[in-house]
Each structure stands twice: as C-alpha cells, then as structure tokens.
Peer 1: 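Provided herewith is a single structure, encoded as structure tokens, for subsequent inquiry.
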Amino acid sequence: MQTPTPLPAATAGAPARGIAPRGFAHVDSWIFDLDNTLYPPACDLFAQVDERMTAFIARYLGVDPVEARRIQKDFYIEHGTTLSGLMAVHGLEPKEFLDFVHDIDVSAVMADAALGEAIARLPGRKIVFTNGSVAHAENVVRQLGIDHVFDGIFDIVTAQYEPKPRRRAYECLIEATGIEPARAAMFEDIARNLEAPHALGMTTVWVRPGLPGPERHQQLSHEGADGPHVHHVTDNLSDFLRGILPSAPAE
C-alpha cells in the first residue's frame, strides 16, 4: 500500500470567530460523525428514527403514543439520550432498542463518490464515531458508497452507552483506538459535540448543516457554534477535505 502524502500546514475552511487558524499537517486520525455529517440533514433519517423510538416505548411500556413521546423527550433531556433513560429507569437491554429504531429506509441518502475519494486520500486512520449502532453506520456508509474508505466504526455500544457530547464517550474512543487526541481531527454537525474533543486536544471542524433541513436539527446543531471549541467551519465536507489535501503531482 502506498504511503499517504503528508498534508500541508495550510488550512482550509473558515476558522471560528476569534480562533487562530489550526492546520492539519499533524493529523493522522480522522474522526467523522455519521448522521447529518457524512450526508446532508435534508435526508432527515432521524425523523424515521424518532418515530420508531416512540413506537418502541409505546410497546415496551404499554402506553399510548402521546405518553410514549413525552417519556421519550423527557428521557432525552434528563439522561442525555432516550436509550440512557430507558436503561437507567427501566433496566432496558439496549440491543433490542437499537435494532428496532435503526431499522429504517436510507434510500434518501445519495451515493457520494467525491466524498469517498477525499476521505480515502487523507493520511492515517479514518473512523466513524456515532451515537447509533454499527449496523446503522454500515447501512448508511454503504448507501453513500464510501464504506471502503473507513478503518473502523466506533458506536454507542463500544462507548459503553456513553453518548456524545459526554466527555466519557470520547475517552472511550481514545482508549479503544489508541489515537492521540493532539493528532486527531473531529468532524461534527452538532457544534456542542465538539466541546469535549477540543478540551482533549483534537482539531475540530463543524460541518454546518445546510438548508433545507429539519428545523429542530438546525437549532440543535447551531447551539454554541461561536465558542472556542469550534476551530473550523464548513458548509461542504467534500470541498473542505479537498481544500486541505495536497495537490496531485504534475504529470
């Protein structure tokens, strides 16, 4: 296998307000969030997941859909994720939940060969880091046609059910993969999920969600986006990655 060419010190994309530009020449581990980062929020896969969470809770707890949705949202606020609440309060075994809520139609996601090519050219390891399951991540990256470019998937199970944005989730990633945070870059569509990576020493990139997209996602993604934990901002992940890749040698 050919050794990847090191990246140049110059950076691409817009740095966050008041933050000194940070390059990527030192990066050898590239960590990508999955949903709404590797594909646009307009695909709105979460709407399907959201509906299936409500249906699961209604069946699991024997309540009507209105009460199930109230429980779902309360658990999200109180425990960080609906799954965490179900596990803590009701002793749920999580596999059944994850399998059910991620059994969705991903046909709205279009193949993205340009993104796959850009990720493939990055030197070092490329890892998907998701609050979902490995099966869900595999389903999505296969639909994108970029499943071959990643070296691994780190999911909520491997994170010991500690979800982003909790710091412990990122610590589990570091422990499991052996990456050096100071030599890693994290790409995320939810700005607040970059706080812990920044604190741990990673270079951070906020993949700002474009329009059209679900309003709820727009609001969540932009929370804290002007903070010092956001080093770079891009509206187009493929273009951003091509901008930091070394130029191809002349023929």
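Computed from a predicted model, the values in this text were never measured in an experiment.
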Peer 1: In Å and rounded to the nearest 0.5 Å, what is the NE2 to CG distance from H229 to L200?
Peer 2: 13.5 Å
Peer 1: Any sub-3.5 Å donor-acceptor pair from W206's side-chain atoms to D189's backbone N or O?
Peer 2: yes
Peer 1: Scan residues 153-177 for pairs that pass salt bridge (Lys or Arg N to Asp or Glu O under 4.0 Å), counting only residues two or more places apart or in two chains.
Peer 2: D33-K164, E162-R166, K164-E188, R167-E171, R168-E171, R168-E175
Peer 1: Verify whether one side chain among S107 and D105 offers a donor that lies under 3.5 Å from an acceptor in the other.
Peer 2: yes
Peer 1: Do the numbers put R59 on top of the ring of F100, so that NZ or CZ is under 6.0 Å from the six-membered ring centre and no more than 45° off the axis?
Peer 2: yes
Peer 1: Roughly how far, to the nearest 0.5 Å, is the CZ atom of F24 from the CZ atom of R183?
Peer 2: 14.0 Å
Peer 1: Looking at every heavy atom in both A191 and A225, which two are closest together, and how far apart are they?
Peer 2: CB-CA, 3.6 Å
Peer 1: In the structure I gave you, are the side-chain heavy atoms of L61 and H90 within less than 4.5 Å of one another anywhere?
Peer 2: yes
Peer 1: Tell me, which pairs form a side-chain hydrogen bond (donor to acceptor under 3.5 Å, both in side chains) where one or both residues lie in residues 128-137, sequence neighbours left out?
Peer 2: D35-H136, H102-S133
Peer 1: Is any side-chain N of the basic residue among D64 and R70 closer than 4.0 Å to the acidic one's carboxylate O?
Peer 2: no
Peer 1: Show your working on side chain to side chain contact (heavy atoms under 4.5 Å, CB included) between Y39 and L45 and close with a plain yes or no.
Peer 2: CA-CA 10 Å; Y39 65 85; L45 296 190; 3.4 Å; yes
Peer 1: Give every residue pair that meets the ring-ring contact (aromatic ring centres under 6.0 Å, His included) criterion with at least one member in residues 170-191, sequence neighbours excluded.
Peer 2: F32-F187, F129-Y170
Peer 1: Can you see which heavy atom on V233 is nearest to which on V230, and at what distance?
Peer 2: CG2-CG1, 3.7 Å
Peer 1: Distance from D44 atom CG to Q48 atom CD, nearest 0.5 Å?
Peer 2: 8.0 Å
Peer 1: Going from CD1 on I119 to CG on L245, what distance comes out if it is rounded to the nearest 0.5 angstrom?
Peer 2: 10.5 Å
Peer 1: Contact between D112 and S238 at the side-chain level, heavy atoms closer than 4.5 Å - yes or no?
Peer 2: yes
Peer 1: Side-chain contact test, heavy atoms from C-beta onward, threshold under 4.5 Å: evaluate it for F150 versus I153 and give yes or no.
Peer 2: no
Peer 1: Does any part of the side chain of I104, heavy atoms only, come nearer than 4.5 Å to the side chain of F46, both counted from C-beta?
Peer 2: no
Peer 1: Throw together a table of side-chain donor-acceptor distances under 3.5 angstrom for residues 140-149, partners on residues two or more places apart or in other chains.
Peer 2:
unit_1	atom_1	unit_2	atom_2	d
Q143	NE2	V109	O	3.0

Peer 1: Answer yes when D235 and R208 have at least one side-chain N-carboxylate O distance shorter than 4.0 Å, and no when they do not.
Peer 2: yes
Peer 1: Test salt bridge (charged side-chain N to carboxylate O under 4.0 Å, His left out) on R125 and D151; report intermediate values, then the result.
Peer 2: CA-CA 6 Å; R125 287 183 293 173; D151 297 292; over 6 Å; no
Peer 1: Can you name the nearest heavy-atom pair linking P181 to I174, along with the distance?
Peer 2: CG-CD1, 3.4 Å
Peer 1: Report the C-alpha separation of V157 and V134 in whole Å, then their side-chain angles, then the decisive distance to 0.1 Å, and conclude whether the side chain to side chain contact (heavy atoms under 4.5 Å, CB included) test is met.
Peer 2: CA-CA 8 Å; V157 179; V134 165; over 6 Å; no
Peer 1: I'd like a table of donor-acceptor pairs (distance under 3.5 Å, sequence neighbours excluded) in which one partner is a side-chain atom from residues 76-87, with atom names and distances.
Peer 2:
unit_1	atom_1	unit_2	atom_2	d
Y76	OH	R192	NH2	3.0
T81	OG1	S84	N	3.0
T81	OG1	S84	OG	2.8
T82	OG1	Q72	O	3.1

Peer 1: Are H232 and T203 close enough that a side-chain donor and a side-chain acceptor fall under 3.5 Å?
Peer 2: no
Peer 1: State which residues pass ring-ring contact (aromatic ring centres under 6.0 Å, His included) with F97; sequence neighbours excluded, sorted by chain then number.
Peer 2: F56
Peer 1: Provide the closest heavy-atom pair for L241 versus L115 in the form atom of the first, atom of the second, distance.
Peer 2: CD1-CD1, 4.1 Å
Peer 1: Could you measure the distance from the CD1 atom of I31 to the CZ atom of F154? Nearest 0.5 Å is fine.
Peer 2: 10.0 Å
Peer 1: Please report the shortest heavy-atom distance between C172 and A159, naming the atom on each side.
Peer 2: SG-O, 3.7 Å
Peer 1: When rounded to the nearest 0.5 angstrom, what distance separates CE in M202 from OG in S29?
Peer 2: 8.5 Å
Peer 1: Quick check: closest heavy atoms across P41 and N36, and the distance to 0.1 Å?
Peer 2: CA-OD1, 3.1 Å
